[in-house]
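Remarks on the structure that follows.
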Amino acid sequence: MKKRLLLLDAYALIYRAYYAFINRPMRNSKGLNTSAIYGFIRATLDAIKKFEPTHVAVAFDVSGKTFRNDIYPEYKAQREETPEDIKTSVPIIKNLLEAFNIPIIEKEGFEADDIIGTIATKANPDEFEVIMMTPDKDYGQLLRDNVIMAKPARSGNDMEIVTAKEFCEKYDIQKPEQFIDILALWGDVSDNIKGVNKVGEKTAAKLISQYGSIDNLLQNIDKLSPSQKKNFEEARDLIPLNKKLVSIVTDIDLKLDIDNDLKVSPPKTEELIPLLEELEFRTLLKEFGASKRKEQGQYVQGSLFDMPANKPERPTFNLKTIDDFDVDYRIAKSRDDRAKLIDELKQCQEFAFDTETTGLDPISAELVGLSFAIKTNKAWWVSVPKNQDEAKSIVQEFAEVFANHNIGKIGQNIKFDMQVLLNYDIEIKGKLFDTMLAHYLLEPDARHNLDYLSEIYLNYKPISIEELIGKKGKSQGNMRNVDPELITRYACEDADLAYQLKQVLFEKLQGQGLTELYFKLEEPLIEVLTHMERNGVTLDSQSLKEYGEMLSKQLVELEKEIRNMAGVPDLNISSPKQLGEVLFDKLKIATDAKLTKTKQYSTNEEELQKYIDKHPIVSKILEFRGIKKLLSTYIETLPLLVNKKTGKIHTSFNQAVASTGRLSSNNPNLQNIPIRDENGREIRKAFIPSSEEHLLLSADYSQIELRLMAHMSNDQIMLEAFEKGEDIHAATAAKIFKVPLNEVTREQRSKAKTANFGMIYGISAFGLSQRLGISRTEAKELIDGYFDTYKGVKAYMDQCVAEARERGFVETIFGRKRFLPDINSNNQVVRGLAERNAINAPIQGSAADIIKMAMINVHREIISRKLKSKMIIQVHDELVFDVYKPELDEVKEVVKRCMEGAASLKVPLEVDMGIGNNWLEAH
DNA sequence: CGAGTCACG
DNA sequence: ACGTACGTGACTCGA
């Protein structure tokens with residue numbers, strides 16, 4: 001990995017920090033204005049955290065004359081005196097930098113930009129990436145392939161990265177040095193440099209873009225308009241001086257060994273702490289205070305901070321694009337071309353492929369073409385005609401290679417391509433390497449889109465889809481209309497990138513011991529989900545519609561009543577802001593209303609429930625909310641998602657979203673169809689079998705997460721309860737309340753149930769007290785009682801956290817990992833979340849693994865037994881099937897056996913099944 | 001586009 | 001002193 005050098009322009013950043021707080025300066029108790037100090041140090045540390053440089057330096061201007069004043073006495077002459085607060089801040093900042101072990105560099109007669117220019121130029125491009133942190137645009141002239149600029153964050157936004165390429169594009173110039181000429185024409189008000197009259201940024205850029213340089217421009221001065229020519233004639237003598245003034249010096253004699261002198265090293269804590277204490281920088285003290293871990297010196301080597309050993313790749317920039325490579329992307333135009341391609345594919349052990357389609361909905365999308373990558377930078381594009389009969393016959397030419405078991409297929413989100421190709425009767429066999437899923441296992445919390453992966457792992461920026469079909473939203477373009485040359489580059493690039501990513505990611509999977517999880521679980525699941533999504537679910541839109549009409553009437557009625565009670569005729573009840581104001585300001589139903597983090601009144605159900613007796617409007621609002629939710633999220637929306645082609649609803653199961661390993665479902669989300677609430681569960685009645693000859697079968701794991709808790713913690717008491725087949729919540733109640741099992745009250749059981757769930761989530765006394773509406777002391781007692789009973793559970797939870805601390809991750813029973821870098825955070829809120837994740841992720845994730853295994857096995861049996869019945873929905877611990885009635889007994893047997901046999905735990909896995917003419921009945 | 005709310009396991 | 005149970009997706013409002 002290249003070394004990375006971060007160079008900071010001290011005064012520019014200090015000024016910026018100072019003025020950022022100008023309206024509300026920070027002061028310590030002695031009255032010292034610490035805005036500039038804090039702002040600058042924070043920006044510096046943030047940059048170090050973000051860029052993770054191996055080398056760093058801060059450049060200061062030296063007060064007094066510089067060589068620029070010698071050649072131009074008016075240089076910066078108009079500048080106002082430096083504010084007193086900044087003057088006093090600078091020595092303190094220098095002390096701080098020293099304590100942080102960040103080198104300071106200054107040189108008499110020169111400015112910070114000259115120092116940075118010199119170092120950036122001197123740093124060997126093969127050895128160093130250089131980041132210049134400054135808000136000053138002039139640094140643009142220094143940009144190179146290995147030198148980028150970081151402009152500090154402006155309020156709200158992240159800091160802005162500028163690369164040489166982007167910079168040149170912005171000014172439409174060939175190389176960054178040309179910016180000197182632009183500046184010389186443009187001038188610089190803040191430096192008191194007068195440019196050419198009537199020439200600003202835009203004109204200067206245009207002229208340099210056009211003529212290449214000032215010299216050439218002046219030679220062609222007659223081509224300018226008369227008035228412009230006059231302005232240039234007048235400025236002619238000034239230009240050489242301007243050029244000198246705006247040119248950043250790159251060859252100061254600094255007597256500096258970059259590699260040795262600027263190396264990042266840990267702060268000198270003993271010097272740093274007193275300084276931070278005096279300044280009263282509490283957050284920084286927390287961060288750099290002498291915590292135990294710091295004393296043990298757990299720094300990642302070469303880092304200023306203690307960072308988790310396993311962290312996302314460090315940020316990259318200066319991304320390469322297609323133009324930086326000599327790629328061999330070809331179009332297969334004729335049948336002969338395709339035959340040649342197919343021949344090449346047959347010779348491959350593996351190839352990457354991608355489909356381009358007319359849309360993102362795989363059911364209705366039509367193929368526009370296919371791309372295949374055979375090796376790095378070598379790919380083919382096969383265009384597919386609009387006529388679907390012709391299309392199919394061309395695509396069919398590839399059926400054999402796709403179906404070949406011995407040829408591996410690589411792709412990004414293969415499920416989509418698999419579905420599209422299924423429309424053309426193409427089956428995909430052989431090992432599938434899905435780069436998205438591989439990365440999901442490697443970094444479950446990260447994003448996994450191709451652009452991101454390319455950037456991180458290949459240092460490459462793909463052609464943006466917007467270049468092809470325009471921004472979505474307005475005048476949505478179509479893949480069909482894209483220029484053939486361009487679509488070839490785009491599609492081949494995608495396949496090529498998938499191919500290249502596979503090589504990187506496969507090695508990483510092996511390194512992490514994740515290949516087995518990938519090939520046993522995630523890879524076979526691709527095909528299963530493909531079929532489930534395609535199967536779809538039948539919706540009884542008619543009954544939904546009728547139910548919706550009834551609810552709508554109630555809603556209108558409620559709205560009227562609520563507005564009347566509120567005395568606000570145009571109240572929007574769906575606006576929490578308006579609602580809160582009505583309830584708490586106007587009706588004053590309470591004075592101690594809870595506020596949200598944006599200081600609005602909190603009007604969620606939990607809060608409103610507290611005031612239900614204060615005013616009759618409250619219960620009406622809750623009722624309104626409930627009905628509105630059902631209507632807008634389900635009743636009115638689901639029928640719109642019925643596919644015209646199939647008459648069914650086709651959700652999309654996302655296999656790479658949930659960081660614990662679960663699936664998620666969207667478009668629509670079929671995993672949150674109401675069931676708890678009486679009104680809501682009516683909606684389940686609209687999910688029906690595909691025909692009269694079918695039934696819905698729902699099979700769900702009983703208490704799978706608690707069983708996993710028992711299994712993983714090896715808690716004898718809990719294991720025993722499950723083995724005896726006891727009602728686990730009642731059994732828990734009996735034990736923690738010390739009553740016989742048959743005397744457990746409803747209330748006790750309910751409390752125990754909440755406590756059981758609490759364990760799975762990584763409980764806190766506060767959380768439990770909130771849920772149960774009891775005091776924290778009571779909650780604490782309850783938890784103590786719980787741990788007293790289930791001693792193994794307590795030990796297991798502690799062990800999870802300890803493991804996460806030690807290894808940086810926790811694991812499921814199938815070896816799925818979740819990395820928890822925050823487990824060592826100094827921020828206890830952040831750390832607390834990581835600790836609860838350490839407890840919850842192995843449980844939730846193992847349950848996800850188990851049902852995935854079950855789905856794969858059920859699917860295989862359905863195929864091998866050639867059943868007409870279909871698996872259609874998964875809801876985390878439940879599978880729903882559209883069962884062909886004559887197969888009912890067989891399907892029930894297969895499903896139960898596959899689900900219960902998906903893993904062998906210390907407790908039996910139990911599955912409950914139900915059948916019915918709709919999803920509600922089946923439950 | 002974020003915040004608030006609420007549906008599910 | 002501070003904020004607190006885990007994981008999702010969809011809708012609505014309003015800057």
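Below, all heavy atoms of this structure are taken into account, side chains as well, without hydrogens, waters or symmetry copies. Letters go in sequence order (proteins before strands), and every chain restarts at 1.
Here A:Leu833 lies in heavy-atom contact (under 4.0 Å) with sugar-phosphate atoms only. Here A:Ser652 lies out of heavy-atom contact (under 4.0 Å) with every strand.
Look at A:Asn837 and you'll find a side-chain N or O under 4.0 angstrom from OP1 or OP2 of C:dG7. For C:dA5, the OP1/OP2 oxygens have no side-chain nitrogen or oxygen of A:Arg836 closer than 4.0 Å. Within the 4.0 Å cut-off from OP1 or OP2 of C:dT8, at least one side-chain nitrogen or oxygen of A:Ser659 is found.
Rounding to whole angstrom units, CD of residue A:Gln671 and C1' of B:dG9 are separated by 8 Å. Between A:Glu606 atom CD and B:dA7 atom C1' the separation is 16 Å, expressed in whole Å. Remark: P of C:dT8 and CZ of A:Phe653 are 16 Å apart, rounded to the nearest angstrom. Between A:Leu622 atom CG and B:dA7 atom P the separation is 10 Å, expressed in whole Å. Atom CZ of A:Phe766 and atom C1' of C:dA1 are 14 Å apart (whole Å). One can place CD1 of A:Ile627 at 14 Å from P of B:dC6, the figure rounded to the nearest angstrom. Separating the CD atom of A:Glu623 from the P atom of B:dT5 is a distance of 20 Å, rounded to the nearest angstrom. Taking atom OH on A:Tyr761 and atom C1' on B:dC8, their separation rounds to 10 Å, with Å as the unit.
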Protein-nucleotides 10-12 of chain C N/O pairs under 3.5 Å:
from	atom 1	to	atom 2	distance (Å)
C:dA10	OP1	A:Asn667	N	2.9

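Taken from CZ in A:Arg816 to OH in A:Tyr440, the straight-line distance is 5.0 Å, to the nearest 0.5 Å.
Between A:Arg818 and A:Ser659 there is a side-chain heavy-atom pair separated by less than 4.5 Å. The shortest side-chain heavy-atom distance between A:Gln671 and A:Gln874 falls under the 4.5 Å cut-off. Under the 4.5 Å side-chain criterion, counting only non-hydrogen atoms from C-beta, A:Thr651 is not in contact with A:Asn667.
With hydrogens and angles ignored, no donor-acceptor pair closer than 3.5 Å exists between the side chain of A:Arg676 and the base of B:dA7. Side chain A:Arg776 to base C:dT4: a donor-acceptor pair is found below 3.5 Å. At a cut-off of 3.5 angstrom, the base of B:dC6 holds no donor-acceptor pair with the side chain of A:Glu605.
With salt bridges taken as basic N to acidic carboxylate O contacts below 4.0 Å, one links A:Arg831 and A:Glu835. Looking at A:Glu561 and A:Lys620, a side-chain N of the basic residue comes within less than 4.0 Å of a carboxylate O on the acidic one, giving a salt bridge. Between A:Lys852 and A:Glu522 there is a salt bridge, since a side-chain N of the basic residue sits under 4.0 Å from a carboxylate O of the acidic one.
Residue A:Leu768 places its side chain closer to C:dA5 than to any other of B:dA7, C:dA5, C:dT4. When the nucleotides C:dG7, C:dG9, C:dC6 are ranked by their closest atom to the side chain of A:Ser664, C:dG9 comes out on top. Here B:dG4 is the nucleotide among B:dG9, B:dG4, B:dC6 with the atom lying nearest to any side-chain atom of A:Thr598. When the nucleotides C:dC2, C:dA5, C:dG14 are ranked by their closest atom to the side chain of A:Gln828, C:dC2 comes out on top. Minimum atom distance to the side chain of A:Ser764 is reached by C:dT4, of the listed C:dA15, B:dC8, C:dT4. The side chain of A:Gln844 approaches B:dG9 more closely than any other nucleotide in the set C:dA5, B:dG4, B:dG9. Nearest nucleotide to the A:Arg662 side chain, out of B:dG4, C:dA5, C:dG7: C:dG7. Side chain of A:Arg625, nearest nucleotide from C:dT4, B:dG9, B:dC6: B:dC6. Taking every side-chain heavy atom of A:Gln578 into account, C:dG14 is the closest of B:dT5, C:dC6, C:dG14.
The pairing partner recorded for C:dC2 is none, the criterion being a Watson-Crick or G-U wobble arrangement whose two distances lie under 3.5 angstrom.
For B:dA7 and C:dG3, the P atoms lie 26 Å apart once the distance is rounded to whole Å. Comparing C:dC2 with B:dC6, their P atoms sit 26 Å apart, to the nearest whole Å.
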Return all side-chain donor-acceptor pairs below 3.5 angstrom for residues 771-779 of chain A, not counting sequence neighbours, or 'none' if the list is empty.
from	atom 1	to	atom 2	distance (Å)
A:Ser775	OG	A:Thr777	N	3.4
A:Ser775	OG	A:Glu778	N	3.1
A:Ser775	OG	A:Glu778	OE2	3.4
A:Glu778	OE2	A:Ser775	N	3.4

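With ring centers used as reference points, A:Tyr634 lies 6.0 Å or more from A:Tyr547.
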